[in-house]
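Single-structure report; data block below.
Note that the numbering runs from 1 along the sequence shown for the chain.
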Amino acid sequence: MPKFDLSQTQVLAELFQTPRENRDDSWRARFYAAVPDATLRSFDPQVSRGPDTFPYFEMAIPDPGPVTPFCLTHVLDFLLDNGLGAVIFGGSDKSAGPEWVFTYGNLLSYSLYGDFEGEPAARQEGARAGKPAAGQTQALVAAPSEAYLPQRARKVIGDYMRGVYRHPDPKVALLDDPRLNPSRNLMLNLTLEQYHGDRTNLDAAMRYLSWFLPQTYALVAMPAGWSDANFVPLA
């Protein structure tokens, strides 16, 4: 339940005094701790398109006086259901630009793991990742669980692929292949053939789709010769 905590709003205001180039890991940890329940204000309209073309719900530290309170935990389900990121401004005039930008994947990560930067165990594993163990060569393909890729995230990714990429039937599978690093990957039924052999365009399409996923999730396209018959619909 949201707390609408004005003391955390004050923490954010103090943190935003630090120049962006000086915001280190310690600063980010304090920001992540304060931002979920800090009392903020919204705008009219509440949602705008960012330079990356994705939609963001905009909030800011409120001006002195009465305010209709918003906070990130207050709107989190709405954002995740509707495919939105979030932008935090230091003041209502937006003159200094965004102080912080959350992708949909950052918000999904927080809802799943309580961590904006991804699955904590996967972050630790990535830090010590080495070569795959000898002899482990069998790749497994399965449906991603609800706990790993919730239905609402599947829907917004599928809606994006249908609307922007004109994909008629977007699907996803979970690939576990010890030969890859990381070994666990989400595979979409996008192929190089669909992009007429243009690897640059396919890679760009995959990068855009990573906006919807936690930072620790890996995303791959479907190789030539594979079938998506056992993939699950993104709907």
Looking at CH2 of Trp100 and CG of Leu72, how far apart are the two atoms once the value is rounded to the nearest 0.5 Å? 12.5 Å
Residues Leu174 and Leu186: closest non-hydrogen pair is CD1-CD2, 3.9 Å
Rounded to the nearest 0.5 Å, what separation is found between the CG atom of Leu76 and the OG atom of Ser111? 6.0 Å
Any Ser109 side-chain heavy atom under 4.5 Å of Glu117 side chain: no
Is it the case that the side chains of Thr73 and Asp37 hold a donor-acceptor pair, with the cut-off being a distance below 3.5 Å and no angle test? yes
Verify the neighbour count for atom CD of Glu193: are there more than 12 heavy atoms of other residues, nucleotides or ligands below 6.0 Å? no
Nearest heavy-atom pair of Leu219 and Ser210: which atoms, and what distance? CD2-N, 4.0 Å
Donor-acceptor pair, side chain of Tyr56 and main chain of Val47, under 3.5 angstrom: no
Stepwise, does the side-chain contact (heavy atoms from CB on, under 4.5 Å) test hold for Phe212 with Val156? CA-CA 8 Å; Phe212 294 98; Val156 298; 4.1 Å; yes
Can you tell me how far the CD atom of Gln215 sits from the CG atom of Leu108, to the nearest 0.5 Å? 12.0 Å
Measure the shortest side-chain to side-chain distance between Asn106 and Pro214 over non-hydrogen atoms and say whether it is less than 4.5 angstrom. no
Decide yes or no for Phe31 and Ser26: does some side-chain heavy atom of the first lie under 4.5 Å from some side-chain heavy atom of the second? no
Any side-chain donor-acceptor pair under 3.5 Å between Thr200 and Asp203? no
Provide the closest heavy-atom pair for Leu112 versus Ala147 in the form atom of the first, atom of the second, distance. CD2-O, 3.5 Å
Output, in order, the C-alpha distance, side-chain angles, deciding distance and verdict of side chain to side chain donor-acceptor pair (under 3.5 Å) for Asp177 and Ser183. CA-CA 5 Å; Asp177 188 340; Ser183 62; over 6 Å; no
Can you get from Leu140 to Leu175 by hopping between Ile, Leu, Val, Met, Phe, Trp and Tyr side chains that sit under 4.5 Å apart? no
Of all heavy-atom pairs linking Gly158 and Pro170, the shortest is O-CG, 3.8 Å
Does any part of the side chain of Gln8, heavy atoms only, come nearer than 4.5 Å to the side chain of Lys3, both counted from C-beta? no
Begin from the C-alpha positions of Tyr195 and Leu190 and carry the test side-chain contact (heavy atoms from CB on, under 4.5 Å) through to its verdict. CA-CA 9 Å; Tyr195 285 83; Leu190 285 177; 4.2 Å; yes
Linking I/L/V/M/F/W/Y whenever any side-chain heavy atoms sit under 4.5 Å apart, do Phe89 and Leu6 land together? no
The side chain to side chain contact (heavy atoms under 4.5 Å, CB included) partners of Tyr208 (sequence neighbours excluded) come to Thr53, Phe54, Tyr160, Tyr165
Go through the steps to decide whether Phe16 and Ile61 satisfy the test side-chain contact (heavy atoms from CB on, under 4.5 Å), and finish with yes or no. CA-CA 10 Å; Phe16 292 162; Ile61 291 178; 3.7 Å; yes
Quick one: does any side-chain atom of Thr39 pair with a main-chain N or O of Phe4 as donor and acceptor, under 3.5 Å? yes
Under 3.5 Å: donor-acceptor pair, side chain of Asn22, backbone of Thr18: no
Taking the side chain from Thr9 and the backbone from Asp5, do they hold a donor-acceptor pair closer than 3.5 Å? yes
Taking all atoms of both residues into account, what is the closest heavy-atom pair of Trp211 and Gly85, and its distance? CH2-N, 3.6 Å
Are Phe70 and Arg41 side-chain neighbours, meaning at least one heavy-atom pair lies under 4.5 Å? no
Quick one, Phe102 and Val87 - any side-chain contact, counting heavy atoms below 4.5 Å? no
Using the ring centroid of each side chain, check whether Tyr217 and Tyr148 are separated by less than 6.0 Å. yes
Would you say that Tyr104 contacts Leu84 through its side chain, given a criterion of any heavy-atom pair below 4.5 Å between the two side chains? no
The test is side-chain contact (heavy atoms from CB on, under 4.5 Å); show your working for Gln151 and Glu146 and say whether it passes. CA-CA 6 Å; Gln151 182 61 43; Glu146 175 70 14; 3.7 Å; yes
Side chains of Leu209 and Ile157: closer than 4.5 Å at any heavy-atom pair? yes
CZ-OG distance between Phe43 and Ser92, expressed to the nearest 0.5 angstrom: 6.0 Å
Let me see the working for Arg184 and Glu119 under salt bridge (Lys or Arg N to Asp or Glu O under 4.0 Å), right down to the final yes or no. CA-CA 13 Å; Arg184 185 169 57 176; Glu119 184 180 5; 2.9 Å; yes
Report, one line per pair, each donor and acceptor closer than 3.5 Å where one atom sits in a side chain of residues 221-234; sequence neighbours left out.
from: Ser227; atom 1: OG; to: Ala229; atom 2: N; distance (Å): 3.1
from: Asp228; atom 1: OD2; to: Asn189; atom 2: ND2; distance (Å): 2.9

ILVMFWY cluster, Met161 and Met187 together (side-chain gap under 4.5 Å): no
Does CZ in Arg30 sit with more than 12 non-hydrogen atoms of other residues, nucleotides or ligands closer than 6.0 Å? no
Would you check if the side chain of Arg154 reaches a backbone N or O of Leu149 as a donor-acceptor pair within less than 3.5 Å? yes
Can you name the closest pair of heavy atoms from Asp169 and His167 and give their distance? N-ND1, 3.1 Å
Could you walk me through whether Asp77 and Arg152 pass the salt bridge (Lys or Arg N to Asp or Glu O under 4.0 Å) check? CA-CA 10 Å; Asp77 285 332; Arg152 59 186 176 184; 3.1 Å; yes
Tell me if a side-chain donor or acceptor on His196 pairs with a main-chain N or O of Asp198 at a distance below 3.5 Å. no
NZ on Lys155 to CG on Asn82, rounded to 0.5 Å: 8.5 Å
Distance in Å, Leu202 CG paired with Thr191 OG1, rounded so as to fall on 0.5 Å steps: 7.5 Å
Salt bridge (Lys or Arg N to Asp or Glu O under 4.0 Å), that's the test. Do Glu99 and Arg23 meet it? Break it down for me. CA-CA 11 Å; Glu99 296 290 348; Arg23 297 176 183 181; 2.7 Å; yes
Find out if a path of hydrophobic residues (ILVMFWY) with successive side-chain heavy-atom gaps under 4.5 Å connects Tyr32 to Trp27. yes
